[in-house]
Amino acid sequence: MDRFFKTLAVAALILGAAACEKKPPVIITPPGPGPVVGGDETGDVKVGEVITPWTEGEFDIHFINTTTGECMFLIFPDGTQMLIDAAGSQVGTGAVGSTTNTGIRGRWDPTKEGNWLTGEYIAQYLKKVMVWTGNSKLDYVLLTHFHNDHFGGANGLPTSDKSTTYTKQSLPYIMDNFQIGKLMDRGYPEYNYPFDMATAADNASNCKNYINAVKWHVANNSLKVEQFAPGSNTQIVPVRDAAACAGFSVRNIAANGEFWTGTGTATKKTFPALEEIRVDNTKDVLSSDKCPEENHCSCMAKFSYGKFDFFAGGDAQYDGVSTFAWKDVETPAAKVCGRVEVMKADHHGTANTNGCNSKVQVMTTFSPQCWVVNSWTDGHPRAATYEDLTGTLGATDVFITNTCSSMASYKNWVKVKGKDGHIVVRVAKGGDSYSVYVLSDSDRKMTVKSVSGPYKSR
């Protein structure tokens with residue numbers, strides 16, 4: 001009953017906040033009677049009802065489905081809040097080639113909902129969920145790397161309401177509309193590895209827009225920004241009530257080819273030093289021995305709570321490893337991270353990632369109970385990657401934010417336990433167990449579509 005009345009209060013707060021937004025208010029129905037599916041230990045998360053609020057002591061991981069890339073929102077056991085990436089690829093529906101996305105947007109296509117910006121959609125989701133904690137602040141924001149499906153495309157968007165120096169790109173939009181405790185990325189303050197990101201990157205205009213937003217907020221809004229520090233276990237810590245976070249920690253695993261060694265905070269650099277970088281934008285950097293590709297530079301982190309562990313590795317991959325061993329960034333990350341309960345699929349589960357083949361053996365090291373794919377093209381995950389993983393790790397369950405009909409032909413498709421919606425991992429107080437929920441997305445109501453678990457942390 002406590003959850004019931006708390007949810008009624010949450011609904012009232014949300015309705016009040018919605019009246020101030022541009023979009024129509026989202027009406028949330030408090031949970032009522034209904035069957036419990038999957039044996040959830042709380043007994044009150046029910047299919048067909050709005051998900052119950054987070055409560056102190058729980059650790060929430062929300063994979064927000066935007067159909068435009070990756071976006072995760074984490075609530076630590078004490079209510080500390082963290083955003084990882086803010087999707088916003090501008091690839092239109094019907095694209096062909098490596099980003100074919102007609103099938104994956106067949107069920108729901110938010111990119112065609114009028115003038116809706118991905119940043120606005122993410123903000124709406126955040127505001128609804130942040131009511132649960134009573135914390136209106138994003139204590140941490142982490143950008144894993146500088147690609148549009150992680151920080152948003154900037155071209156052709158309205159100018160920011162704060163400054164004429166940047167547009168309402170997804171992550172800058174979040175900066176404009178939320179108080180942020182600390183922003184972290186792999187490039188601050190110079191943004192010059194492996195080259196000047198504002199001029200030499202293949203998406204330089206988008207990088208420049210993001211950098212302009214960071215500089216404006218540092219100068220005018222006292223924004224605290226730090227370069228993500230591999231090896232550290234103090235850069236990201238609970239800030240609201242440490243006593244409520246016993247057993248919770250965050251370890252920075254890697255960024256820019258610098259990896260935690262597993263001892264203290266020591267790291268080892270495997271990528272070429274800045275002075276060794278050779279850039280030729282007319283050639284494929286994947287074939288170069290002197291220039292890391294952007295995905296390889298991703299920030300990676302491990303979140304631990306009691307026996308529960310979660311690995312988020314951005315777009316980590318191993319393109320070019322056949323020629324240059326240092327381009328495999330998954331293996332060194334897996335070696336120091338070890339076994340986890342939940343793993344966000346590296347680089348959306350595309351080719352040359354999440355290796356189970358003869359070149360790279362990382363998934364047997366991670367050995368996740370649950371593998372979650374943030375998908376935004378018809379090839380997320382690729383058939384070969386999915387089939388390698390599920391064939392090798394027979395006990396791993398799979399969750400995918402968006403699927404299309406062609407994926408049903410993948411071998412071991414029965415391993416998909418939840419799909420087509422927001423995916424929420426809720427870890428019980430203390431970290432001994434967790435459940436995975438799929439929530440409705442297109443109706444904005446966060447109605448529970450499926451419940452998997454509880455899983456026992458190892």
Side-chain angles (χ1 to χ4, degrees), residues 10-11 13-28 51 53-54 60-75 79-90 108 110-143 148-154 157-163 166-183 206 209-210 213-214 216-217 221 223 374 376 401 421-424 439-446:
V10 167
L13 287 170
I14 292 172
L15 288 172
C20 299
E21 298 182 0
K22 296 179 181 178
K23 302 297 176 181
V26 177
I27 298 175
I28 294 184
I51 187 172
W54 165 95
D60 266 15
I61 306 168
H62 295 242
F63 298 83
I64 303 173
N65 182 27
T66 69
T67 78
T68 60
E70 286 194 354
C71 183
M72 290 181 287
F73 179 65
L74 283 60
I75 306 177
T80 296
Q81 297 173 152
M82 180 174 183
L83 181 70
I84 303 179
D85 292 335
S89 168
Q90 292 178 310
W108 173 50
T111 68
K112 291 186 175 180
E113 294 183 356
N115 295 319
W116 189 267
L117 300 176
T118 302
E120 288 182 298
Y121 178 72
I122 294 171
Q124 185 195 56
Y125 187 99
L126 296 180
K127 288 175 182 177
K128 286 190 291 186
V129 176
M130 290 165 81
V131 170
W132 298 348
T133 66
N135 179 10
S136 61
K137 182 178 182 180
L138 288 172
D139 300 294
Y140 299 101
V141 174
L142 171 62
L143 172 61
N148 299 1
D149 56 323
H150 292 260
F151 69 168
L157 296 182
T159 302
S160 165
D161 297 330
K162 301 287 187 180
S163 169
Y166 61 93
T167 67
K168 293 182 178 181
Q169 183 182 12
S170 293
L171 193 45
Y173 184 90
I174 297 299
M175 293 182 212
D176 286 356
N177 288 276
F178 290 88
Q179 182 185 3
I180 295 174
K182 183 192 295 184
L183 171 68
N206 298 289
N209 193 79
Y210 165 78
V214 170
W216 188 91
H217 279 277
N221 203 25
L223 176 65
N374 278 115
W376 65 274
T401 55
H422 307 300
I423 296 169
V424 177
L439 311 182
S440 63
D441 43 23
S442 59
D443 63 2
R444 312 295 208 274
K445 293 182 179 180
M446 300 174 67

| task | Just do the side chain to side chain contact (heavy atoms under 4.5 Å, CB included) check on Val141 and Phe178 with the steps written out, would you? | result | CA-CA 11 Å; Val141 174; Phe178 290 88; over 6 Å; no
| query | With no hydrogens and no angle check, is any side-chain donor or acceptor of Asn206 less than 3.5 Å from a backbone partner on Ala154? | reply | yes
| task | Taking the side chain as every heavy atom from C-beta outward, state whether Asn209 and Leu157 have any atom pair closer than 4.5 Å. | result | no
| task | Could you walk me through whether Thr111 and Thr67 pass the side chain to side chain contact (heavy atoms under 4.5 Å, CB included) test, one step at a time? | result | CA-CA 8 Å; Thr111 68; Thr67 78; 4.2 Å; yes
| remark: Interatomic distance, CG@Asn65 vs CG@Leu439, rounded to 0.5 Å, equals 10.5 Å
| note | Contacts of Asp441 meeting salt bridge (charged side-chain N to carboxylate O under 4.0 Å, His left out) (sequence neighbours excluded), chain-then-number -> Arg107
| said: Holding to salt bridge (charged side-chain N to carboxylate O under 4.0 Å, His left out), I want the full list of residues that pass it with Lys182, two or more places apart in sequence or in another chain. | reply: Glu226
| message | Please determine whether ring-ring contact (aromatic ring centres under 6.0 Å, His included) holds for the pair Trp54 and Phe73, giving the CA-CA distance in whole Å, both sets of side-chain angles, and the decisive distance to 0.1 Å. | response | CA-CA 12 Å; Trp54 165 95; Phe73 179 65; over 10 Å; no
| field | Stepwise side chain to side chain contact (heavy atoms under 4.5 Å, CB included) test for Asp60 and Val129 | value | CA-CA 10 Å; Asp60 266 15; Val129 176; 5.6 Å; no
| note | What one should report as the nearest heavy-atom pair of Ala86 and Ser170 is O-CB, 3.3 Å
| field | Heavy-atom closest contact (Lys137 atom, Ile180 atom, distance) | value | CE-C, 4.2 Å
| query | Do you know the tightest heavy-atom contact between Trp216 and Lys162? | reply | CZ2-O, 3.5 Å
| remark: One should read off an interatomic distance between Ile75 CD1 and Met130 CE, to the nearest 0.5 angstrom, of 9.0 Å
| field | Check against side chain to side chain donor-acceptor pair (under 3.5 Å), His62 and Tyr125 | value | CA-CA 10 Å; His62 295 242; Tyr125 187 99; 2.7 Å; yes
| request: Kindly say whether Asp85 contributes a backbone atom to a donor-acceptor pair with the side chain of Glu70 at under 3.5 angstrom? | output: no
